[in-house]
J.: 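What follows is a structure written as structure tokens; I'll ask about it next.
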Amino acid sequence: MCATCGCAGDGAVIHLDDHGHGHGHGHEHDNGHERSHGQLIAPADSRTITLQRKVLAKNDDIAQRNRDWLAECGVFMLNLMSSPGAGKTTLLEHTGKDLADRLSIAVIEGDQETTLDAGRIRAAGIRVVQINTGAGCHLDAEMVARALTAIDPARGSIVIIENVGNLVCPALFDLGEASRVVLASVTEGADKPMKYPVMFRQADLVVVSKTDLLPYVDFDLERYAADMARISPAARLMQLSAVSGEGMNQWYDWLRLSLPGPG
């Protein structure tokens, strides 16, 4: 059991090739260190804080190594996070198809089970590595490090992490990304920045998705923008619909401008 967020992440499976031939290995930990291994610890117990710090310290160290390696390779990696069903995979499908001749993109796909989303992304012409976390509710830096080794991204390319659908735990874990993008669909309601401030506070870009459905749902864009301005004034706010294509060029421009320069 993860001492930080309570999820059981030891059963992670990484599918290392493009044809579904998985090679499953749980991410490893030193005996008795980062995991509580089934021991229930009271929330007020000081041991909980100690374990949390150990988990995050180890993760942050690996994340920094990921970041340094990506910078050396001239690769831009972003961490795409949202609640389930917000439209991450649909956005990536359209991005891969529309930018096939302009950008080299690879995806690290995180889900608890199945390779369904990886199959959709692969069908869109994007290289993808699937990570199944089992009972785990987020990706961590070690999982991403192994996936990056499998992808071996080319200089000047983009790696997009599609994190496990969850507005809580993924916000705690640095993966070595250069940017954090939060996707929030209009079908979820406009209250999410206020209800999940940790996630939105750390975002570099917040994308309001499924705007083609605005005439049919109760979603207050002005309220949403005002809440975001209070919670994360530095974050950029963008609106788009992958289905209708509205606003997609802004997303594509943001990706292109995020690429590291030569040298």
J.: Measure the spacing between CG of L91 and CH2 of W251 and express it to the nearest 0.5 Å.
T.: 5.5 Å
J.: Any idea which heavy atoms bring A118 and Q130 closest together, and the distance?
T.: CB-OE1, 3.0 Å
J.: Show the numbers, then the answer: is there a side chain to side chain contact (heavy atoms under 4.5 Å, CB included) between D117 and V107?
T.: CA-CA 11 Å; D117 286 350; V107 168; over 6 Å; no
J.: Does anything in residues 73-98 form a salt bridge (Lys or Arg N to Asp or Glu O under 4.0 Å)? List the pairs, not counting sequence neighbours.
T.: E93-R120
J.: Report the C-alpha separation of Q64 and D60 in whole Å, then their side-chain angles, then the decisive distance to 0.1 Å, and conclude whether the side chain to side chain donor-acceptor pair (under 3.5 Å) test is met.
T.: CA-CA 6 Å; Q64 188 57 51; D60 289 349; over 6 Å; no
J.: Is the backbone of A86 close enough, under 3.5 Å, to the side chain of S209 for a donor and an acceptor to pair up by distance?
T.: yes
J.: L221 and L237: same hydrophobic cluster, using ILVMFWY side-chain contacts below 4.5 Å?
T.: yes
J.: Could you measure the distance from the CG atom of N132 to the CD atom of E109? Nearest 0.5 Å is fine.
T.: 9.0 Å
J.: Linking I/L/V/M/F/W/Y whenever their side-chain heavy atoms sit closer than 4.5 Å, directly or via other members, would V186 and L205 fall into one cluster?
T.: no
J.: How many angstroms lie between atom CZ of F219 and atom NZ of K210, to the nearest 0.5 angstrom?
T.: 12.0 Å
J.: For a quick test of reading the model, state the closest non-hydrogen atom pair linking T211 to P215 and the distance between them.
T.: O-CD, 4.4 Å
J.: Looking at CD of Q239 and CD of E246, how far apart are the two atoms once the value is rounded to the nearest 0.5 Å?
T.: 7.5 Å
J.: How about Q250 and R236: do any of their side-chain heavy atoms sit closer than 4.5 Å?
T.: yes
J.: Taking all non-hydrogen atoms of both residues into account, name the closest pair between R127 and I151 and its distance.
T.: NH2-O, 2.7 Å
J.: Please check if the side chain of E162 supplies one atom and the backbone of I108 the other of a donor-acceptor pair under 3.5 Å.
T.: no
J.: Looking at A141, is its backbone amide N or carbonyl O close enough to the side chain of R65 to form a donor-acceptor pair, meaning the two atoms are under 3.5 Å apart?
T.: no
J.: Got a donor-acceptor contact below 3.5 angstrom from the N79 side chain to the R180 backbone?
T.: no
J.: Have a look at M199 and tell me which of N166, V182, I231 forms a side-chain contact (heavy atoms from CB on, under 4.5 Å) with it.
T.: V182
J.: Using a 3.5 Å distance criterion without hydrogens, assess whether the side chain of R155 forms a donor-acceptor pair with backbone atoms of E72.
T.: yes
J.: Ring-plane angle category for F200 and Y224, please: parallel below 30°, perpendicular beyond 60°, tilted otherwise.
T.: perpendicular
J.: How far apart are the closest heavy atoms of R223 and D220, and which atoms are they?
T.: N-OD1, 3.0 Å
J.: How about V144 and M77: do any of their side-chain heavy atoms sit closer than 4.5 Å?
T.: yes
J.: Please say yes or no: joined through hydrophobic side-chain contacts below 4.5 Å, possibly via intermediate residues, are L56 and I161 part of one cluster?
T.: yes
J.: Test your reading of the model: is there a side-chain donor-acceptor pair from S157 to the backbone of V75, 3.5 Å cut-off?
T.: no
J.: Flag the pair R230 and D227 as a salt bridge only when some basic side-chain nitrogen lies within less than 4.0 angstrom of an acidic carboxylate oxygen.
T.: yes
J.: Within a 6.0 Å radius of atom CG on D253, are there more than 12 heavy atoms belonging to other residues, nucleotides or ligands?
T.: yes
J.: If you apply the rule side chain to side chain contact (heavy atoms under 4.5 Å, CB included), what do you find for L78 with L255, and how did you get there?
T.: CA-CA 9 Å; L78 67 93; L255 287 175; 3.6 Å; yes
J.: Ignoring hydrogens and geometry, is there a side-chain-to-backbone donor-acceptor pair from S232 to M228 under 3.5 Å?
T.: no
J.: Using side chain to side chain contact (heavy atoms under 4.5 Å, CB included), reason through V181 and W254 one step at a time and then give a plain yes or no.
T.: CA-CA 11 Å; V181 180; W254 184 85; 3.6 Å; yes
J.: Can you hop from I126 to M248 via hydrophobic side chains spaced under 4.5 Å?
T.: yes
J.: For the pair N66 (side chain) and L175 (backbone), establish whether a donor and an acceptor sit closer than 3.5 Å, ignoring hydrogens and angles.
T.: yes
J.: To the nearest 0.5 Å, what is the distance between CD1 (I158) and OG (S258)?
T.: 7.0 Å
J.: Are V129 and L139 linked, directly or through intermediate hydrophobic residues, by side-chain heavy-atom contacts shorter than 4.5 Å (ILVMFWY only)?
T.: yes
J.: For T133 and H138, run side chain to side chain contact (heavy atoms under 4.5 Å, CB included): C-alpha distance rounded to whole Å, both residues' side-chain angles, the deciding distance at 0.1 Å, then the answer.
T.: CA-CA 7 Å; T133 61; H138 59 84; over 6 Å; no
J.: To the closest 0.5 Å, what do you measure between OH (Y196) and CZ (R201)?
T.: 14.5 Å
J.: Is it the case that the side chain of D212 and the backbone of S244 share a donor-acceptor pair, with hydrogens and angles ignored and the cut-off at 3.5 Å?
T.: no
J.: If you compare all heavy atoms of I62 against all heavy atoms of A145, which two are closest, and at what distance to 0.1 Å?
T.: CG2-CB, 4.3 Å
J.: Name all residues meeting the salt bridge (Lys or Arg N to Asp or Glu O under 4.0 Å) criterion together with D174; count only those two or more places apart in sequence or in a different chain, and write none if there are none.
T.: R67
J.: Identify the heavy atoms of L183 and G87 that sit nearest to each other, and give their distance.
T.: CD2-C, 3.4 Å
